[in-house]
Asks: 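This is the structure, below, for whatever I ask next.
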Amino acid sequence: MRNPRDFTTPLALGAPQPPADIPVRPSRMIHFFDPSNERMAVKVPGIIPKTDVLLANLEDAIDANNKVAAREGLIQIAKDNDFGDTQFWVRINSLDSPWVLDDLIRIVTEVGNVIDVIMVPKVEGAWDIHYVDRLLAQLEAKGQVSRSILVHAILETALGVANVEEICAASPRMQGISLGPADLAASRRMKTTRVGGGHPGYLVRVDPDANDPDAHRATAQQDLWHYTMARMVDACAATGCLPYYGPFGDISDPIACEDQFRNAFLMGCVGAWSLHPNQIEIARRVFSPPPDEVLWAKRVIEEMGDGTGTVMIDGKMQDDATVKQCRVMVETGKLIARRDAEYAELYSFSEQDLQLP
Ligand code: GLV
Ligand code: MG
């Protein structure tokens with residue numbers, strides 16, 4: 001247990017004050033790129049305005065021989081680019097790897113003021129977050145970083161899932177959690193070789209027809225990730241962190257990718273990873289609330305006046321609870337509209353609507 005009163009005290013002398021609240025910024029897509037790849041580095045300025053979050057990946061998918069080149073590439077990219085209001089994140093190597101200590105030392109002391117969030121893979125319990133928390137404070141003090149770097153954990157081991165609430169509550173730096181379906185499947189010994197998404201074998205089937213037992217029986221694929229997503233969303237909402245769906249590996253199947261992202265959106269996630277430029281647009285579409293829902297929610301809020309009692313709108317009962325649901329939709333719409341002019345128009349928000357309170 002950490003003393004909650006100490007949450008506002010830096011963990012090292014000279015480190016910045018830890019945040020009281022996590023800044024909620026649009027993060028519909030966390031776009032991954034390999035910073036060791038010089039062809040990618042050249043494209044970074046063009047990608048920055050297209051993505052809510054740009055993430056330099058140092059962990060899995062980076063060849064062991066390229067780990068140092070990726071770290072150096074990331075530092076150079078951080079120095080060379082202006083990220084504007086796009087967030088710049090980094091996924092460090094896992095805490096049991098030989099690279100992670102140098103990742104943290106170099107990144108925080110050299111470009112700590114440019115990095116918004118550090119994504120930590122394979123987090124298993126609060127102890128992993130405590131380790132990173134203290135180390136970050138020491139390095140922020142050393143590197144004269146002016147504001148706390150936030151921490152994002154990937155939920156990708158069975159132990160991590162068992163401890164998800166404690167992970168979320170382990171530090172005021174905890175910004176959010178992503179589901180990591182590939183590592184999680186391996187850790188649980190699930191029998192799927194896919195990166196996220198459904199599986200044709202995981203299904204339910206209608207009962208046989210007693211009069212025609214050999215007739216075709218319809219089936220429906222089920223979502224292998226539903227349980228974990230639900231736990232992750234609750235743990236995040238309970239602690240003021242943000243939940244994200246992670247990677248969808250089948251780049252050639254944009255329809256199933258969109259479905260998986262939408263399930264996550266409907267359950268409360270704020271974004272997903274994009275592993276390919278095509279997935280940026282899918283995430284943008286899915287994690288921006290549907291315009292008709294935002295317009296409907298605005299109408300309910302307006303007709304509900306002070307937000308108490310009941311009214312009937314188009315045959316649907318509205319009360320104190322539905323108005324809260326509608327506020328979630330409208331507040332999310334405003335957040336997106338402040339960054340994305342196309343959606344501001346689709347939602348019919350005026351400049352005045354979008355002013356910060
Ligand atoms: C992501 O890192 C995953 O393992 O799915
Ligand atoms: Mg992983």
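Note that ligands are numbered from 1 as they come in the structure, with each ligand's atoms numbered from 1 the same way.
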Asks: Do E140 and R147 meet the salt-bridge criterion of a basic N to acidic O distance under 4.0 Å?
Replies: no
Asks: Tell me every residue that passes side-chain contact (heavy atoms from CB on, under 4.5 Å) with S348, counting only those two or more places apart in sequence or in another chain.
Replies: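 Per chain and number, S348 pairs via side-chain contact (heavy atoms from CB on, under 4.5 Å) with L295, K298.
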Asks: Is a salt bridge present between R106 and E72, judged by a nitrogen-to-oxygen distance below 4.0 Å?
Replies: yes
Asks: Closest approach of G333 and F349, non-hydrogen atoms and distance?
Replies: C-CE1, 3.7 Å
Asks: Evaluate the side-chain proximity of L101 to L135: yes if any heavy-atom separation is below 4.5 Å, no if none is.
Replies: yes
Asks: Name the residues in contact with ligand 1, where contact means a heavy atom under 4.0 Å away: which are they?
Replies: R91, E156, G180, P181, A182, D183, P247, W273
Asks: Closest N/O/S atom of D183 to the Mg ion (ligand 2), by atom name?
Replies: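 Minimum-distance N/O/S atom of D183 relative to the Mg ion (ligand 2) is OD2.
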Asks: So does R284 pair up with E281, basic N to acidic O under 4.0 Å?
Replies: yes
Asks: To the nearest 0.5 Å, what is the distance between CD1 on I75 and CD1 on I107?
Replies: 6.0 Å
Asks: By atom name, which N, O or S atom belonging to E156 lies closest to the Mg ion (ligand 2)?
Replies: OE1
